[in-house]
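Have a look at the structure below before the remarks.
Computed from a predicted structure; not experimentally measured.
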Amino acid sequence: MHSFAAPSHLHTPSTSFSSTTRRPLLPSSSRASPRSTNIQCQLPSQNPKPQKPNSLLHSLSKPLALASASAATLLIRINPISNLLPGGGGDNFGGNGGLSGGGGGGGGSGGSDGSSGEFWEKLFSPSPAIADDNNQTQEWDSHGLPANIVVQLNKLSGFKKYKLSDILFFDRRRWATVGTEDSFFEMVSLRPGGIYTKTQLQKELETLATCGMFEKVDMEGKTNPDGTLALTISFTESTWQSADRFRCINVGLMAQSKPIEMDPDMTDKEKLEYYKNQEKDYKKRIERARPCLLPMQVHREVLQMLRDQGKVSARLLQKIRDRVQKWYNDEGYACAQVVNFGNLNTKEVVCEVVEGDITQLVIQFQDKLGNVVEGNTQLPVIRRELPRQLRQGNIFNIEAGKQALRNINSLGLFSNIEVNPQPDEKNEGGIIVEIKLKELDQKSAEVSTEWSIVPGRGGRPTLASFQPGGTVSFEHRNLNGFNRSILGSLTTSNFFNPQDDLSFKLEYVHPYLDGVYNPRNRTFRASCFNSRKLSPVFTGGPGVDEVPPIWVDRAGVKANITENFTRQSKFTYGLVMEEITTRDESSHISANGQRVLPNGGISADGPPTTLSGTGVDRMVFLQANITRDNTKFVNGAIVGERNVFQVDQGLGIGSNFPFFNRHQLTVTRFLQLKQVEQGPSKPPPHVLVLHGHYGGCVGDLPSYDAFTLGGPYSVRGYNMGELGAARNILELGAEIRIPVRNTHVYAFAEHGNDLGSSKDVKGNPTEVYRRMGNGSSYGVGVKLGLVRAEYAVDHNSGTGAIFFRFGERY
């Protein structure tokens, strides 16, 4: 039984991911909000060198760090094990949505600042076994010999430092010099232009001679007139008998067999017994080993290599190693490594892989200085967010590490998160996954202010007419360490007279309703609220004088349960009890809509504003919402589908015993029109958006809850509610998005229709305010950061206008 040890010398290249976020914390979903990540890789350029595989995971240190949005900068350093693959497989990892702070994201970008697309390629590049970091300005000695003569290695002086001008590989079997593209070049740590002593050159020769790649290897130099040496390494490649079977085994966590040295004084019989014992021990090792993860497709590719090659050679083993290693790298198994080939000179080649078995999971809390402290968050809260693939007994996968970052970050409890795979010193080949967390402050408060200028006497503003408004908010998060929280906010447009329009909300959030150990993910929320909004139901149509506004105040309590099926799909159901009051612009209760008389006066004989006819309604109803969201980001563009269904069911409790069923269905498709290569700095695809929205109501329907048509989130080109208010509506829209530089331009067409149901709304506000009940629009726009700049044409009047809106239409 013969074996061949694949090069596995270890080094710790420095790879860093950095991401900076300074923005409010956003709800995280797996691909819900794309993020910008800078990935910087500084990797050594040394080629691999053969080495015994018994020190496989030395110096493995691979932190992945992620900061939440409230903190700022995080640093991820990866110091992985050496790659057996010369230039093997890339994983273009980073980019839009990956490991940046505050709300998740995923995705990928490779290279330094996104400029290089080969993230995992050469990630495990080993360092030279003997060559020091030669400085090109280091002093060196001339060989002191006549030019153009061949000098054997043992003839060189042990006191000189020789500079190598060239390094050539000469294949004795082919009787030709091989090029630098040959796989054997990766075995050499010497470099042209490097400066070496005789001892270093001899050590290099000894390493090459004992690596198993060569039957014979020699080294000699040719003197140059400038005092440098041209080094030639002549070799005879090792070969073994042909094989027709291939097996891949995981030898991780298995004790490395220590070969017994053969006594040179052994008799032939003793040598035969020695080889038999070796073969027997190796067969036992194979039987104890677990099958590796390599799929059958790769097995078949390797078998084809063996058939095509005939005899098994060192070059063939390198190709097999490269193919196996590439698959592991491509699939994200960053700690997997081919360490040995066994059973050579038999009909079966055995490939030994250390795949990176996770032996332990450690969670640590740190203070702002990085000291280990006792955390407030309960460990089960964190453990339930970890993918199964990151738990003990599984193989470490970089994608599982990224998923853990996103999941933990979505809790909104930590300012900094690191996932560090470390070598297990007690179990060779094992991985300890360390999760390091820095908790956010539990209590926080924020005040945001704004100033409104209103005219004083004579139409000129005075100091007293400056009205300060804004929002005061507070949060107490992570109560008892179970991610429960209390949130509150107060908002007014005038702090001097807050009673005019003061709105508030106080909410309690209780996740893990079924227990933190239960996999079912349900969250309970209870809130009390008071809000005021302008009703779009009482809006004039084209050519109608300005209609006095009606404000709708809602005050009440709400309790619901949200069950998350995936990061983006959820089901919410609950109970709402509220009091609705309609008011005019003077904050007086208004039971009817208003209109302007020809003489300039205001008449309050318009449609009734409430179900009770008094201007005040009270009602209790059930509310449910189910969202199925399969959208994702492709280079920053949303593609996929999103469906939302909501229903409000009145219970007959309240003013006039309201009993109703109000339902809405929204269907949106983001169709990718062009396939593009995904990665950093890659252009997003063209996207066609198709949108449909249906709303309907059966039973009692107060005017303030009627469906309205028109506005930036209904039919663009019209004001809010300008087309009508109805019991049933249908909205259709289409938009094509074309990427241009770092943004996109788009064209759209939309239509809204009341399906003839406007007359069924109490008082028929659509007819009273002379609205059409249906309308279409079309236009073009450009996305400027968070702002949409649009030119939309009102198809009813044929006129166009420019609009600036925040956020997305779909």
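- Using a cut-off of 4.0 Å between Lys/Arg side-chain N and Asp/Glu carboxylate O, Arg323 and Glu301 are scored as salt-bridged.
- Put simply, the side chain of Phe214 reaches to within 4.5 Å of the side chain of Leu208, judged on heavy atoms.
- Here Phe169 and Phe235 bring their ring centres to under 6.0 angstrom of each other.
- Interatomic distance, Leu390 CG to Leu405 CG, rounded to the nearest 0.5 Å: 9.0 Å.
- Side-chain contact of Asp322 with Gln318: a donor-acceptor pair under 3.5 Å is absent, judged by distance alone.
- Not counting sequence neighbours, Glu206 has no partner by the side-chain hydrogen bond (donor to acceptor under 3.5 Å, both in side chains) test.
- Considering CD of Gln389 and CG of Asn394, their distance stands at 6.5 Å, rounded to 0.5 Å.
- Between Lys276 and Glu273, no side-chain nitrogen of the basic residue sits less than 4.0 Å from a carboxylate oxygen of the acidic one, so the salt-bridge criterion is not met.
- Under the rule for a side-chain contact (heavy atoms from CB on, under 4.5 Å), the partners of Asp226 that lie at least two apart in sequence or sit in another chain are Asn224, Thr228.
- Taking every heavy atom of both residues into account, Ser313 and Trp240 meet most closely at C-CZ3, 3.9 Å.
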* Does the pair Asp141 and Tyr162 meet the rule for a side chain to side chain contact (heavy atoms under 4.5 Å, CB included), with working shown? -> CA-CA 6 Å; Asp141 303 308; Tyr162 296 95; over 6 Å; no
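- Taking the disulfide (SG to SG under 2.5 Å) definition, one finds that Cys351 meets it with nothing, sequence neighbours left out.
- A salt bridge does not link Glu237 with Lys216: every distance from a Lys NZ or Arg NE/NH1/NH2 to an Asp or Glu carboxylate oxygen is 4.0 Å or more.
- One finds no salt bridge joining Glu355 and Arg290 here, because no Lys/Arg side-chain nitrogen approaches an Asp/Glu carboxylate oxygen to under 4.0 Å.
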